[in-house]
Amino acid sequence: MAHKIVFLTGTRADYGKLKSLMRQLSNNNMFQVYVYVTGMHLLEQYGNTWKEVKKDGYANIYVEDPKTVDSRMDVNLANVVLGFSKYVGGIKPDYIVIHGDRTDAFAGAIVGLLNNIKVIHIEGGELTGTVDDSIRHAITKLAHIHCTANEETKLRLIQLGEQEEKIHIIGSPDVDIMVSGDLPELVDIKQEYGITYEKYGILTYHPVVTESTDIKRKFGEVFKAVLDSQRNYIIIYPNNDLGSDTIIDLYVKSEGKYENLFFQKSFPFETFLVLLKNADFIIGNSSAGIREACVYGVPCIDIGSRQAGRYNPRVLRNICHVEEQYDAIRKAIEKAKEYRVKSRYFGLGNSAELFEQAVVEEIKADTKIQKCFVDTEETQKKLQKYINEVLF
């Protein structure tokens, strides 16, 4: 009997990470793949990206009602828990696969844990400078099986008390698509969207939830610096975190006013990759500047705290970090071409195969539902010292 495995996707970003994994297991008779679409995918103001998931033709796909999406993150979490719980109660899956650090993934982990369904978490152990860190590490403690991007993130999961044998390094799954031969041609993309620029940068800036009260000032610095640089930009709308309305309002007011700014709510993942590969640089605070840009060696101007701790500058030398300060951003734009350096730190493009091997291995190992916390060697030594010196 095939093992039922549900992939939960809530954003255009996590779908780019999960897509190659879905395809891989869909071609294996050991698995019956289901896809649950929720969250930001459902919102018209962010491009109705659920249509892109649907277009990829999965056999078993469920698109949640857009009415379940709320601007408040806690309410959104509760709504996804309710909807997803009802869904998995109907199909009774063996595994739930979630990615990253969004509230949708958090909801999937909660539902899995409390319904005795094994949870597979993709790309745990990462560090960022926002509330996402807390969500991501919480998901780690709820998940049963971990598929990380590299050794660095694996070590963090061990530090969080996870069993080493349940941690599999598979690289970053989006690299599979990045290095494939299936990407569209740039000339066709430009024609489809009406992009006329020969040279351009990409701006994608998201609100930082813990800094939402200062978003207007900070993004004002960013946008002014971009405008005054007098370069061409493809500007992609932010995610739906608290504070996104401030950014979107400025975009709406600016559309049609500047010939050098092209605004787009969202692009299909493959389309975005081609635009990124051919860009002069990417600027903002998106993880795409950290993860995808380095694979192609595209310079990244990383702004503010959102990706703090996400990368080692000695490893990823395509990144120039600045704060939300006009002068610093202008200088970084002028120097961007100096940062055109490639990196293979996040994988070789074989994540889907490694993921499939990991899941098959876990099936054979009969992973237990009940988790246990594993103390590090250092903790064990300190505990033993405490017992010897204090208790006896």
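Along the sequence shown, residues carry numbers from 1. If you're wondering where the values come from, they're calculated on a predicted model, not measured in any experiment.
Partners of Glu255 under the side-chain hydrogen bond (donor to acceptor under 3.5 Å, both in side chains) rule, at least two apart in sequence or in another chain, are Tyr237.
Asn260 and Tyr197 form no side-chain donor-acceptor contact under 3.5 Å, judged by distance and modelled atom types alone.
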Would you tabulate the side-chain donor-acceptor contacts of residues 279-288 under 3.5 Å, counting partners in other chains and residues two or more places apart, or write 'none'?
residue	atom	partner	partner atom	Å
Asn285	OD1	His206	N	2.6
Asn285	ND2	His206	O	2.8
Ser286	OG	Ala288	N	3.0

inquiry  = Under the criterion side-chain hydrogen bond (donor to acceptor under 3.5 Å, both in side chains), I'd like the reasoning laid out for Thr367 against Glu362: C-alpha separation, chi angles, the key distance, then a yes or no.
reply    = CA-CA 6 Å; Thr367 299; Glu362 292 296 343; 2.4 Å; yes

inquiry  = Could you walk me through whether Lys17 and Ser172 satisfy the side-chain hydrogen bond (donor to acceptor under 3.5 Å, both in side chains) test, starting with their C-alpha distance in whole Å, then the side-chain angles of each, then the deciding distance to 0.1 Å, before giving a yes or no?
reply    = CA-CA 7 Å; Lys17 301 281 188 178; Ser172 193; 2.9 Å; yes

query = Yes or no on side-chain hydrogen bond (donor to acceptor under 3.5 Å, both in side chains) for Gln32 and Tyr34, after CA distance, side-chain angles and deciding distance?
reply = CA-CA 7 Å; Gln32 190 170 359; Tyr34 295 79; 3.0 Å; yes

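Applying the under-4.5 Å side-chain rule to Ile, Leu, Val, Met, Phe, Trp and Tyr, the cluster around Phe346 extends to Ile290, Tyr311, Val315, Leu316, Ile319, Tyr345.
A salt bridge between Lys218 and Glu323 is absent, with no side-chain N of the basic residue lying under 4.0 Å from a carboxylate O of the acidic one. Using a 4.0 Å cut-off between charged nitrogen and carboxylate oxygen, Glu211 and Arg306 do not count as a salt-bridge pair. Between Asp133 and Arg310 there is no salt bridge, since no side-chain N of the basic residue sits under 4.0 Å from a carboxylate O of the acidic one.
Partner of Tyr193 under the ring-ring contact (aromatic ring centres under 6.0 Å, His included) criterion, out of Phe267, Phe262, Phe272: Phe267 alone.
Ring geometry for His121 versus His146: interplanar angle over 60°, hence perpendicular rather than tilted (30 to 60°). Taking the six-membered ring where the residue is Trp, Tyr36 and Tyr87 present tilted rings, their angle falling between 30° and 60°.
Cation-pi geometry between Lys224 and Tyr326 is satisfied (NZ or CZ under 6.0 Å from the ring centre, within 45° of the ring normal).
When ring centroids are compared, Tyr251 and Phe219 come within the 6.0 Å threshold.
Between Val81 and Ala107, the shortest heavy-atom contact is CG2-CB, 3.6 Å.
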